[in-house]
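All values derive from a computational prediction rather than experimental measurement.
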Amino acid sequence: MASTRSKKTTPPTKADIPRLPNGTAMAPRDMTRPEVTRFLADLSKAWPDPETELVFSSPYQLLVATALAAQATDSSVNKATPALFAVAPGPKEMAALGEEAVGAYIKTIGLWRNKAKNIVALSRDLLERHNGEVPADRDALEALPGVGRKTANVILNVAYGLPAMPVDTHCYRLANRTGLARGRTVLDVENALEARIPCELLRDSHHWLILQGRYVCKARRPECWRCAATKDCLYPEKEMIAPKR
């Protein structure tokens with residue numbers, strides 16, 4: 001007579017888990033719509049007043065700060081920009097300041113020489129093509145020197161309140177880990193997030209994902225034990241993560 005006992009299933013090992021090129025473990029599937037809804041609701045409770053950590057007082061200053069934050073931290077940018085914005089609060093003053101003088105203010109930020117060049121160039125473009133105003137259009141923004149898709153989306157989202165989804169390293173990592181929106185490229189993840197997250201939640205979701213990725217779902221060692229959204233998270237290694245002693 002055949003045994004009626006069920007066969008034991010072998011738990012997946014690290015070698016069985018699919019990974020992104022940077023080594024980040026991917027969720028085995030995308031979240032369902034109900035899971036997405038619950039996951040975002042939990043993040044909203046963890047970060048009830050989400051906003052960018054960059055310090056600025058105008059769309060132009062946000063554009064400059066975001067461009068400076070590429071491959072750098074927001075905190076490093078916030079240390080440099082107050083003195084810069086004090087002497088050059090707008091594109092006219094920044095263009096007049098010139099590359100060398102701008103560079104002197106941002107030397108503590110990575111890639112500062114190229115960033116100084118781009119900031120002065122985009123300031124001149126704003127004056128010549130947009131009457132000194134930052135356009136609320138992705139194509140026009142991406143046409144500015146040193147402005148990529150992520151920076152353009154930040155301006156649309158934060159400065160103009162449009163439902164754009166900027167995807168930085170934190171968003172990319174968290175979306176793939178949790179199953180919120182898996183994708184091999186940044187654009188794949190951006191498109192998936194915009195398709196899966198309700199339009200009215202896109203603005204806040206951008207900040208929820210960045211803050212959660214920056215302070216909880218960290219790159220080297222995610223702190224799953226203090227995550228507010230672990231119930232619906234599909235991160236395949238979350239059960240292997242133990243708190244530091």
Side-chain angles (χ1 to χ4, degrees), residues 50-74 76-78 80-81 84-85 88-99 102-103 105-106 109-172 175 181 183 185-195 197 199-210 213:
E51 59 183 21
T52 179
E53 294 186 318
L54 291 171
V55 177
F56 66 96
S57 59
S58 68
Y60 171 75
Q61 291 185 8
L62 175 62
L63 176 61
V64 171
T66 305
L68 290 175
Q71 300 181 55
T73 63
D74 287 2
S76 70
V77 172
N78 289 337
T81 50
L84 175 62
F85 291 154
K92 182 178 180 180
E93 297 85 355
M94 195 74 74
L97 202 55
E99 291 179 31
V102 170
Y105 284 97
I106 63 172
I109 300 174
L111 307 175
W112 64 271
R113 287 186 178 86
N114 193 51
K115 289 178 179 179
K117 178 181 178 180
N118 285 334
I119 287 170
V120 171
L122 72 82
S123 298
R124 289 172 178 162
D125 272 15
L126 289 175
L127 292 169
E128 294 171 4
R129 302 180 184 181
H130 303 286
N131 298 316
E133 300 296 324
V134 176
D137 176 82
R138 181 183 284 114
D139 290 338
L141 286 166
E142 289 191 53
L144 296 171
V147 177
R149 188 177 181 87
K150 188 199 78 173
T151 297
N153 281 339
V154 169
I155 302 306
L156 297 176
N157 180 301
V158 179
Y160 295 122
L162 299 175
M165 175 55 72
V167 176
D168 67 352
T169 56
H170 300 299
C171 289
Y172 178 74
T185 70
V186 170
L187 184 57
D188 287 343
V189 171
E190 178 189 325
N191 290 335
L193 287 170
E194 290 186 350
I197 295 176
C199 185
E200 68 273 13
L201 294 180
L202 276 175
R203 287 192 67 214
D204 284 346
S205 293
H206 158 61
H207 298 297
W208 295 335
L209 298 181
I210 286 180

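Using modelled atom types, no side-chain atom of K117 and backbone atom of E99 make a donor-acceptor pair closer than 3.5 Å. Side-chain atoms of T151 do not come within 3.5 Å of backbone N or O of V147 as any donor-acceptor pair. The closest donor-acceptor contact from the side chain of N157 to the backbone of A164 lies under 3.5 Å. In this structure, the side chain of E194 does not engage the main chain of N191 through any donor-acceptor pair within 3.5 Å.
Proximity of E190 to N153: side-chain heavy atoms (C-beta onward) are separated by under 4.5 Å at one or more points. Counting heavy atoms from C-beta on, the side chains of H207 and V158 come closer than 4.5 Å. Side chains of L141 and L156 form a contact here, defined as non-hydrogen atoms less than 4.5 Å apart. F85 has its side chain out of reach of V55: every pair of non-hydrogen atoms, C-beta onward, lies at least 4.5 Å apart. At least one side-chain heavy atom of L97 sits less than 4.5 Å from a side-chain heavy atom of L84.
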Self-check item: Criterion side-chain contact (heavy atoms from CB on, under 4.5 Å) on V134 and I155, from CA distance to verdict
Solution: CA-CA 9 Å; V134 176; I155 302 306; 3.8 Å; yes
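Annotation for G132 and P91: closest pair O-CG, 3.5 Å, computed over non-hydrogen atoms. Minimum interatomic distance between A136 and Y160 (heavy atoms only, all atoms of both residues): CB-CD1, 3.5 Å. Taking both residues in full, the closest heavy atoms of L54 and N78 are given as CA-OD1, 3.5 Å, listed atom of the first, atom of the second, then distance. When all heavy atoms of L209 and H170 are compared, the pair lying nearest together is O-CB, 4.3 Å. Contact between W208 and P50 at its shortest, heavy atoms only, is NE1-CG, 3.4 Å. When all heavy atoms of M165 and S205 are compared, the pair lying nearest together is CE-CB, 4.0 Å.
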What side-chain donor-acceptor pairs closer than 3.5 Å can you find for residues 118-127, not counting sequence neighbours?
from, atom 1, to, atom 2, distance (Å)
N118, ND2, N114, O, 3.4
S123, OG, Y60, OH, 2.6
S123, OG, I119, O, 2.7

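Here the CZ-CG distance, from R129 to L144, works out to 8.0 Å after rounding to the nearest 0.5 Å. In this structure, CD on Q61 lies 7.5 Å from CE on M94, to the nearest 0.5 angstrom. The NE2 atom of H206 sits 14.5 Å away from atom CG of L201, with the distance rounded to the nearest 0.5 Å. Put simply, CZ on F56 and OG1 on T81 are 11.0 Å apart, with the number rounded to the nearest 0.5 Å. Between the CG atom in D74 and the CG atom in L68 there is a gap of 10.5 Å [rounded to 0.5 Å]. Interatomic distance, CZ of R149 versus CD of E142, reported as 6.0 Å (0.5 Å rounding).
For E133, the CD atom counts as loosely surrounded, since its 6.0 Å shell holds 12 or fewer non-hydrogen atoms of other residues, nucleotides or ligands. Other residues, nucleotides and ligands contribute only 12 or fewer heavy atoms inside 6.0 Å of the CD atom of Q71.
For residues 150-159, no pair satisfies salt bridge (charged side-chain N to carboxylate O under 4.0 Å, His left out), with sequence neighbours left out.
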